[in-house]
Asker: 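Below are the structure tokens for one structure; questions will follow.
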Amino acid sequence: MSTPFSSMILDTNLLVYTFISTKVFQRRSLEEEVKACIARELLYSGKLKVLIPSLVAEVELRRALSRMVITRGITNQKKLMILSNTIKYMKDTLNRMMKLGMCEIVDSWNAEILRRAAGYYNRLAGSGVKKWAKGKHQDLIILATAEQYNAIILTTDYDFLRLIDLTKSTVPLYFIEIERNKVNIIRKNIGAVAYIDDVVRMCKRKDKKHK
Amino acid sequence: MFSAVRLVNSYSDRFDEMERRVDVLYKELKKRVDGLLMDLAAEVEEVTGFAIEIGSLDIDLRTTVSVLERMGESYYRRAKAILDEFPEYFLRELGRSIRLSARSFEEKIDVVLKIMHILYLAGGREDVYHLNVLLYAYKLAYKSRIRFASLFVLTGIARFLKTKDYVLAHALAAYGVRDVLPLRDRLVEEVWENPGVWSTVLQLSYDYEVGSLVNGELLVAWGFLEAISEEEAL
């Protein structure tokens with residue numbers, strides 16, 4: 001089936017695998033293997049342009065790294081230098097991908113997107129999950145960015161399914177469920193996109209072979 | 001396989017010293033390559049009837065490619081001999097600062113690439129990154145079926161060492177290994193028409209096969225994936 005969507009947003013938990021190969025992991029879980037395979041295949045094959053909200057590119061990755069530094073007590077000067085340059089290296093890699101048209105960093109700080117995100121939040125608050133919604137502002141911005149750019153969201157985070165249901169958003173969602181050695185695709189607001197399904201199936205098979 | 005985590009944990013206090021060794025390597029490498037290129041220039045003059053200086057700014061990419069494709073087998077064998085010494089030569093110099101062991105030829109190249117990438121991350125020097133991309137191309141040259149693949153890589157290295165022009169240097173090297181680049185589907189124009197794209201394809205192939213391995217090893221050992229999950233669980 002052909003799709004009217006020409007771009008997709010990879011959720012942060014998938015996007016990070018663009019920069020991280022699991023080949024050298026001593027213990028590889030099915031989840032890590034499949035996530036890494038999907039993210040790298042989709043991004044590097046470049047059949048659908050990957051949109052990266054500036055919130056993710058500029059804030060989320062740095063925030064996760066700083067959390068790691070603080071909570072794991074990484075204070076060695078050289079290690080800190082390596083981390084600081086790793087952030088720069090990731091940014092350079094994204095720039096190279098942009099040069100080849102594989103991805104685009106899109107501004108998630110414009111009034112239209114923030115207004116949409118606030119609208120989603122109000123819908124959530126109105127449906128009785130205000131407390132939960134308060135911690136989801138980043139996901140709401142990703143949702144609003146996808147809506148603004150008519151992009152598919154691809155995620156392994158269950159929260160997005162819930163967000164779509166509760167907000168009644170029409171944003172197309174591909175949720176990849178990885179549980180107990182099984183990989184399922186759950187779609188919302190979109191039919192099967194052969195290209196994405198093929199990548200997921202291929203990654204599933206690859207992992208079985210690896211095991 | 002040599003572990004990036006172990007390298008950082010055990011030797012991070014020697015990184016500055018190792019960076020200085022990389023500068024020594026540059027100089028030595030430049031001397032060797034310059035000698036070979038002088039001979040190449042003489043051979044080119046004999047074949048084509050005009051004098052050129054391969055690797056310098058005075059020659060355009062299209063001419064460089066055409067000249068290299070007309071070189072004789074004996075010259076190619078000499079260029080390859082210089083390249084064959086690379087891993088051993090790098091490991092010997094870096095081995096003055098750290099304990100290293102690598103058995104096979106391929107393992108030696110992989111160890112060099114890994115160490116150089118860590119040095120790039122530790123010091124942030126762009127020239128180390130660009131040279132490392134060329135060393136990666138050199139590794140690919142062993143898999144490539146392109147005639148004289150190594151010669152294009154060597155000329156790319158020469159160009160970089162001489163002019164610091166990494167775009168043309170990477171483009172030349174990418175041309176030599178175009179059949180084995182992971183992102184070769186993106187190469188639709190001739191190298192002299194759009195060297196920037198060829199250069200970027202080589203760099204991204206490096207990021208895909210080398211950079212992400214080192215990142216993966218270090219970041220996962222330091223708890224990055226857990227940090228991402230914790231952020232999302234908030």
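Proteins come first, then strands; the chains are lettered A, B, ... in the order of their sequence lines, and each starts at number 1.
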Asker: Which pair of heavy atoms, one from A/A64 and one from B/A227, lies closest together, and at what distance?
Answerer: O-CB, 3.4 Å

Asker: Select, from B/V201, B/L204, B/T200, the one with the greatest count of heavy-atom pairs under 4.5 Å involving chain A.
Answerer: B/L204

Asker: Please list, in residue-number order, every residue in residues 10-28 of chain B that has a heavy atom less than 4.5 Å from any heavy atom of chain A; write 'none' if there are none.
Answerer: B/S12, B/F15, B/D16

Asker: Should the pair B/E209-A/R40 be classified as a salt bridge under the 4.0 Å nitrogen-to-oxygen rule?
Answerer: no

Asker: Evaluate the side-chain proximity of B/N9 to A/K79: yes if any heavy-atom separation is below 4.5 Å, no if none is.
Answerer: yes

Asker: Hey, what do you get for CD1 (A/I20) to CD (B/E217), rounding to the nearest 0.5 Å?
Answerer: 12.0 Å

Asker: Using the rule given for side-chain contact (heavy atoms from CB on, under 4.5 Å), can you reason through B/E226 versus A/R72, listing the C-alpha separation, both sets of side-chain angles and the distance that settles it, and then say yes or no?
Answerer: CA-CA 10 Å; B/E226 288 86 347; A/R72 270 75 181 171; 3.0 Å; yes

Asker: Ion pair present between B/E126 and A/K88, side-chain N to carboxylate O less than 4.0 angstrom?
Answerer: yes

Asker: Looking at residues at least two apart in the chain, or sitting in another chain, which of them share a side chain to side chain donor-acceptor pair (under 3.5 Å) with B/D207?
Answerer: A/Y89, A/R96, B/Y129

Asker: With a strict 4.5 Å heavy-atom criterion, list every residue of residues 134-141 of chain B that contacts chain A, or say none.
Answerer: none

Asker: Do any of residues 179-189 of chain B have a heavy atom less than 4.5 Å from a heavy atom of chain A, and if so, which, in residue order?
Answerer: B/L183, B/R186

Asker: For B/K164, I'd like to know if atom NZ has over 12 heavy atoms of other residues, nucleotides or ligands within 6.0 Å.
Answerer: yes

Asker: What residue, out of A/T93, A/T86, A/L100, has the most heavy-atom pairs lying under 4.5 Å from chain B?
Answerer: A/L100

Asker: Would a 4.5 Å heavy-atom cut-off, applied to side chains only, mark A/S21 and B/L213 as touching?
Answerer: yes

Asker: When rounded to the nearest 0.5 angstrom, what distance separates OH in B/Y208 from CZ in A/F19?
Answerer: 14.0 Å

Asker: So which residue, B/V8, B/V214, B/L219, ends up with the most heavy-atom pairs under 4.5 Å with chain A?
Answerer: B/L219

Asker: Among A/M90, A/M102, A/K134, which residue forms the greatest number of heavy-atom pairs with chain B at distances under 4.5 Å?
Answerer: A/M102

Asker: Where does A/S45 contact chain B at under 4.5 Å (heavy atoms): side chain, backbone, both or neither?
Answerer: backbone

Asker: I'd like to know whether CZ of B/F105 has more than 12 heavy-atom contacts from other residues, nucleotides or ligands below 6.0 angstrom.
Answerer: yes

Asker: Drop me the distance from B/F224's CZ to A/L83's CG, to the nearest 0.5 angstrom.
Answerer: 9.5 Å

Asker: Using non-hydrogen atoms and a 4.5 Å limit, figure out which bit of A/D139 sits close to chain B: side chain, backbone, both or neither.
Answerer: neither

Asker: Measuring heavy-atom distances to chain B, does A/D157 have an atom under 4.5 Å in its side chain, in its backbone, in both, or in neither?
Answerer: side chain

Asker: Select, from A/K78, A/K99, A/M81, the one with the greatest count of heavy-atom pairs under 4.5 Å involving chain B.
Answerer: A/K78

Asker: Could you give the distance from CD1 (A/I82) to NE2 (B/H117), rounded to the nearest 0.5 Å?
Answerer: 9.5 Å

